[in-house]
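Okay, so here's the structure we're looking at.
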Amino acid sequence: MDVKETVLSILNDLTGSDVSGAMDDNLFDSGLLDSMGSVQLLLQLQSQLGVNVPVSEFERSEWDTPNKIIAKVESLA
Amino acid sequence: MLSFEPYGNPTYFALLGVALLPLMIGLLYGKRSRLYETLISIFFLILTFGGPKWTQGIALIIYILYEVALTWGYAVYRKQKNSGPVFYLMVILAILPLTIVKVTPAVENGQASLIGFLGISYLTFRAVQTMMETRDGTLKDYNIMTFLQFMLFFPTISSGPIDRYRRFEQDYRTVPSREKYLGMIQKGVRYIFVGFLYKFLLAYYFGTILMPKLQIMAMHSRGGFMDLSWPVLGYMYAYSADLFFDFAGYSLFAVGTSYLMGIETPMNFKQPWRSPNIKDFWNRWHITLSFWFRDFIYMRLVFWFMKHRMFKSPRTTANVTYIINMLVMGFWHGVTWYYITYGLFHGVALVVNDAWLRYKKKHRESVPHNRFTQLFAIFLTANLVCFSFLIFSGFLNTLWFTK
């Protein structure tokens, strides 16, 4: 699986909804992600993709849509 | 010697205007004079911490040297090694002065600690944040001079907003383009004038005119169930309005002044009374503080709990951490029963809020959602918040435990 698919499957698990149809929607504004969800996302990225993101690297505005998250992870992978 | 509360009276604003003018002309021509900025910073710090308050000034100087030594020492150490215990020790040392200042009145019959000064909390937040980002490796080029400017940035020194080292540094090292800076001046001036309206008209009316009257009425109406009466309810609303207009007004001055200096200090309030729930309220009220708690306490604790599998479900992890997070916030306000109860109240409110949001998500079809429910949610949230501020005000302490 490539990064995009993995990130999408993590997001689907975390939010309980399919986000692949709304790649530029703000996940925090819609209430699908919150601080708790963000931490779970970081932990999953670590265990599934081996991408290490410290909490202080998590600037909400850079991680608020599926597309932005994928771009971020790709830049770090 | 002259001595002022920051943004306390017209003379302060007049001095501010005169001092900022050369700096603003410089920025318009694309120049930032470090020397001049440092000089006016020192001038305004002396106005705030000098004269009759010189003991606070001494406390501030010693405190700053202490925090510089810690953050600089840790930054040097972190380049070589990265041990957990060393990091925890440094954080404990960094918050030690603040802890002493907060605990002293509780154990010394209300007497203030000698090492305290106006704004020590806000400086501690900045120092600890710098240290945590150094640990994470996100802050690599710690610089003592930048750190000093960041800590002692006079517009925000007494009560925030709490900026972040890397964000501040970025603004501080650059000069905004003329077009952008003109926009910032416009905004800054507008913020300061809205601040006047909030602090000197509305907060004055609610806090200085209305509140004392309601307080006397409430004290005379004691004797009923838990000494409650209509004036207590009035006091709750007047106090909440005063708290908001006073602090939002101050924050607008601080942000406005920062903008005039070409620094985009983050905003502290974003229409908090429109929040449809408590969770959203904390995204809109005293934002730089609640985000600090979110990023440096809540998320870190959750991360640690999950990594070490402390609790079975993520839900329990979130709930336990909400309570801890808000209790710490309560203690930070001071070691009194009402601040701690206030923290606990908000912790529980967040837990209940989350449970409700989950329920709503699951039963999307059966839970009505329309303009009326939306208005009701806003009304309920605002009233819950005002009730929590009544606890916070300490007035219940006066009502119940004084003769």
Side-chain angles (χ1 to χ4, degrees), chain A residues 6-23 25-66 68-77, chain B residues 82 128-140 164-167 170 266 276-277 279-280 282-283 287 290-309 311 313-322 325 350-351 353-354 356-358 360-362 364:
Chain A
T6 317
V7 170
L8 281 177
S9 93
I10 294 173
L11 284 176
N12 288 356
D13 279 352
L14 279 180
T15 60
S17 51
D18 183 16
V19 295
S20 60
M23 296 294 283
D25 281 11
N26 190 308
L27 296 166
F28 291 101
D29 287 351
S30 60
L32 288 173
L33 268 192
D34 57 6
S35 310
M36 179 70 199
S38 317
V39 175
Q40 286 174 297
L41 171 67
L42 297 185
L43 285 163
Q44 289 300 322
L45 290 175
Q46 200 172 44
S47 66
Q48 294 192 28
L49 289 165
V51 178
N52 254 319
V53 187
V55 176
S56 56
E57 197 72 71
F58 190 88
E59 168 60 44
R60 225 177 237 227
S61 61
E62 296 169 6
W63 295 79
D64 54 11
T65 72
K68 282 192 199 170
I69 296 172
I70 291 165
K72 261 280 177 197
V73 175
E74 278 172 343
S75 74
L76 293 163
Chain B
N82 182 17
V128 171
Q129 175 251 317
T130 305
M131 220 174 243
M132 291 202 175
E133 296 202 341
T134 307
R135 165 108 212 259
D136 278 359
T138 30
L139 200 169
K140 288 191 185 72
R164 306 276 171 101
Y165 180 96
R166 285 181 295 151
R167 207 215 62 75
Q170 226 170 30
N277 58 53
K279 214 172 166 177
D280 192 46
W282 284 109
N283 288 329
I287 301 170
S290 68
F291 283 11
W292 194 97
F293 271 78
R294 180 192 76 192
D295 294 347
F296 298 104
I297 296 186
Y298 183 83
M299 286 182 68
R300 267 155 214 273
L301 269 180
V302 165
F303 194 88
W304 195 87
F305 284 147
M306 304 262 292
K307 216 174 154 187
H308 294 82
R309 299 182 200 284
F311 305 102
S313 76
R315 199 172 299 171
T316 318
T317 314
N319 290 344
V320 170
T321 321
Y322 275 142
N325 190 60
L350 285 170
V351 171
N353 195 172
D354 247 17
W356 165 249
L357 289 175
R358 267 196 309 273
K360 209 172 119 184
K361 204 167 158 187
K362 235 187 212 164
R364 217 168 275 160

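- Interatomic distance, CG of B/Leu357 versus CG of A/Asp34, reported as 9.0 Å (0.5 Å rounding).
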Do A/Glu57 and B/Glu133 pass the side chain to side chain contact (heavy atoms under 4.5 Å, CB included) test, and can you show the C-alpha distance, the side-chain angles, and the key distance before you say yes or no?
-> CA-CA 8 Å; A/Glu57 197 72 71; B/Glu133 296 202 341; over 6 Å; no

Worked verdict on B/Tyr298 versus A/Met36 for side chain to side chain contact (heavy atoms under 4.5 Å, CB included) = CA-CA 9 Å; B/Tyr298 183 83; A/Met36 179 70 199; 3.9 Å; yes

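- B/Arg164 does not touch chain A: none of its heavy atoms, backbone or side chain, sits under 4.5 Å away.
- Residues satisfying the side-chain contact (heavy atoms from CB on, under 4.5 Å) test with B/Asn82, not counting sequence neighbours, are B/Tyr74, B/Arg78, B/Arg135.
- Considering OG of A/Ser35 and CD1 of B/Ile297, their distance stands at 12.5 Å, rounded to 0.5 Å.
- Atoms CD and CG, on A/Glu59 and B/Asp295 in that order, are 8.0 Å from each other to the nearest 0.5 Å.
- Listed for the B/Asp136 side chain is a donor-acceptor partner under 3.5 Å among the backbone atoms of A/Ser56.
- Under the rule for a side-chain hydrogen bond (donor to acceptor under 3.5 Å, both in side chains), B/Asn277 has no partner lying at least two apart in sequence or in another chain.
- Between B/Phe303 atom CZ and A/Gln40 atom CD the span is 12.0 Å, to the nearest 0.5 Å.
- No other option in B/Lys279, B/Lys307, B/Gln129 has as many heavy-atom pairs under 4.5 Å with chain A as B/Lys279.
- Within 6.0 Å of CZ on B/Arg315 lie no more than 12 heavy atoms contributed by other residues, nucleotides or ligands.
- For B/Gln170, the CD atom is loosely surrounded, since the number of other residues' heavy atoms within 6.0 Å does not exceed 12.
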Using the side chain to side chain contact (heavy atoms under 4.5 Å, CB included) rule, take A/Leu32 and B/Lys361 through it: C-alpha gap first, then chi angles, then the decisive distance, then the call.
-> CA-CA 10 Å; A/Leu32 288 173; B/Lys361 204 167 158 187; 4.1 Å; yes

